[in-house]
> 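Below is the structure I would like to discuss, written out as structure tokens.
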Amino acid sequence: MSRRGQVQMTPEEITAFLGEGRTANIATMGPNGRPHLVALWYVPRGDVIETWTYAKSQKALNLRRLPQATILVETGDSYEKLRGVSMECDVELVTDTEKITLIGQQLMHRYAENPQVATAGSQFVRLQAPKRVGLVCRPTKIVSWDHSKLGGTY
């Protein structure tokens, strides 16, 4: 009997897990038809992921061609600790510099160890924003797992 239903996360658990996560892997389709996979930092908005990237990056080029991606956030170093969320997403490329700046500032505040560093980094963000695009990744399908729900058994 499948235990799939036992390890699925609730929508609330997914939101909390994405909020705890630090690094996401994003796969886009490259020009050769193969997945292009990279890690990135992100800002969670419920089950929506926002981030930015250089406008000339391979992932941005791929997303202009096909605005779809698969995103994975996962943790765990043994079977009974495996937790993760995989999302197939439609991706909006944001080109408005003000919106890109806002995403960059939110990233800076989320990942800076020191709030003063995040505030000081706002000038860096303003200088970077014209070179970047924002990515708003809205899931069309979500698969989740939390093996800790199995109580240490397979």
Side-chain angles (χ1 to χ4, degrees), residues 2-30 35-55 57-64 66-119 121-122 124-125 128-129 132-152 154:
S2 171
R3 298 181 82 184
R4 176 78 189 105
Q6 292 176 303
V7 298
Q8 282 181 303
M9 293 184 200
T10 67
E12 296 78 21
E13 289 170 330
I14 290 169
T15 298
F17 180 78
L18 294 174
E20 296 165 10
R22 301 294 289 168
T23 305
N25 292 295
I26 182 170
T28 58
M29 291 306 291
H36 175 256
L37 182 64
V38 295
L40 52 78
W41 287 350
Y42 66 94
V43 175
R45 304 234 177 275
D47 61 5
V48 172
I49 297 289
E50 293 185 4
T51 191
W52 69 352
T53 188
Y54 286 103
S57 71
Q58 186 63 55
K59 72 179 141 308
L61 296 174
N62 293 344
L63 289 166
R64 282 189 185 93
L66 178 64
Q68 299 173 342
T70 298
I71 296 176
L72 172 67
V73 178
E74 54 87 27
T75 63
D77 56 7
S78 61
Y79 184 82
E80 68 277 2
K81 295 178 186 175
L82 292 176
R83 296 187 315 146
V85 174
S86 176
M87 301 183 295
E88 294 178 3
C89 298
D90 290 336
V91 182
E92 173 191 355
L93 275 80
V94 177
T95 56
D96 178 86
T97 304
E98 286 183 36
K99 291 179 183 176
I100 296 166
T101 301
L102 181 60
I103 292 170
Q105 289 171 341
Q106 292 166 344
L107 285 164
M108 184 71 68
H109 282 279
R110 183 164 196 254
Y111 289 93
E113 297 286 325
N114 179 330
Q116 292 172 343
V117 171
T119 302
S122 64
F124 168 78
V125 168
Q128 286 291 307
R132 296 185 179 246
V133 293
L135 305 177
V136 179
C137 307
R138 292 184 178 86
T140 58
K141 179 181 178 181
I142 300 175
V143 177
S144 65
W145 56 94
D146 180 351
H147 287 195
S148 70
K149 292 181 175 189
L150 296 176
Y154 284 91

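These numbers come from the heavy atoms of this one structure, side chains and all, not from hydrogens, waters or symmetry mates.
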> So do the side chains of His147 and Gln6 get within less than 4.5 Å of each other, counting heavy atoms only?
no
> Heavy atoms only: give me the nearest Asn62-His36 pair and the separation to one decimal.
ND2-CB, 3.5 Å
> Minimum heavy-atom separation for Ala60 to Ala55, with atom names?
CB-O, 3.5 Å
> Leu93 vs Leu135, test: side-chain contact (heavy atoms from CB on, under 4.5 Å). Steps then yes/no.
CA-CA 5 Å; Leu93 275 80; Leu135 305 177; 4.1 Å; yes
> Does Tyr42 have Arg110 sitting over its ring (NZ/CZ under 6.0 Å from centre, angle to axis within 45°)?
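Verdict for Tyr42: a cation-pi partner in Arg110.
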> Leu107: which residues meet the side chain to side chain contact (heavy atoms under 4.5 Å, CB included) condition with it, sequence neighbours left out?
Trp41, Val43, Thr51, Trp52, Ile103, Tyr111
> Nearest 0.5 angstrom please: Met108 CE to Ser122 OG, how far?
8.0 Å
> Check whether any side-chain heavy atom of Leu37 lies under 4.5 Å from a side-chain heavy atom of Ile26, and answer yes or no.
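No, too far: nothing below the 4.5 Å cut-off.
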> May I ask you to test the Val38-Asn25 pair for a side-chain heavy-atom distance under 4.5 Å?
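The answer is no, as the side chains (C-beta and beyond) never meet within the 4.5 Å cut-off.
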> Can you see whether Arg45 engages Gln106 through a side-chain donor-acceptor pair at a distance of less than 3.5 angstrom?
yes
> Below 4.5 Å, heavy atoms only, C-beta onward: do Ile100 and Asp96 meet side chain to side chain?
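No, side chains not in contact.
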> I'd like to know if the side chain of Thr28 pairs up with that of Lys59 as donor and acceptor (distance under 3.5 Å, no hydrogens or angles considered).
no
> Could you go step by step and tell me if Ile14 and Leu18 meet the side-chain contact (heavy atoms from CB on, under 4.5 Å) rule?
CA-CA 6 Å; Ile14 290 169; Leu18 294 174; 4.0 Å; yes
> Roughly how far, to the nearest 0.5 Å, is CE of Met9 from CG of Asp146?
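The CE atom of Met9 is 5.0 Å from CG of Asp146, to the nearest 0.5 Å.
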> Do the side chains of Leu61 and Gln58 get nearer than 4.5 Å, heavy atoms only?
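Touching, per the 4.5 Å side-chain cut-off.
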> Side-chain polar contacts of residues 81-92 - donor-acceptor pairs under 3.5 angstrom, sequence neighbours left out - could you list them?
residue	atom	partner	partner atom	Å
Arg83	NH2	Glu20	OE1	3.1
Glu92	OE1	Arg138	NH1	3.0
Glu92	OE1	Arg138	NH2	3.4

> Would you indicate whether the side-chain heavy atoms of Thr53 and Leu40 approach each other to under 4.5 Å?
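No, too far: nothing below the 4.5 Å cut-off.
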> Taking it one step at a time, do Val7 and Leu150 satisfy side-chain contact (heavy atoms from CB on, under 4.5 Å)?
CA-CA 7 Å; Val7 298; Leu150 296 176; 3.6 Å; yes
> So does Thr10 get a backbone contact from the side chain of Glu13, meaning a donor-acceptor N/O pair under 3.5 Å?
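Between the backbone of Thr10 and the side chain of Glu13 there is a qualifying donor-acceptor contact (under 3.5 Å).
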> List the steps, then state whether side-chain contact (heavy atoms from CB on, under 4.5 Å) holds for Val143 with Lys141.
CA-CA 7 Å; Val143 177; Lys141 179 181 178 181; 4.0 Å; yes
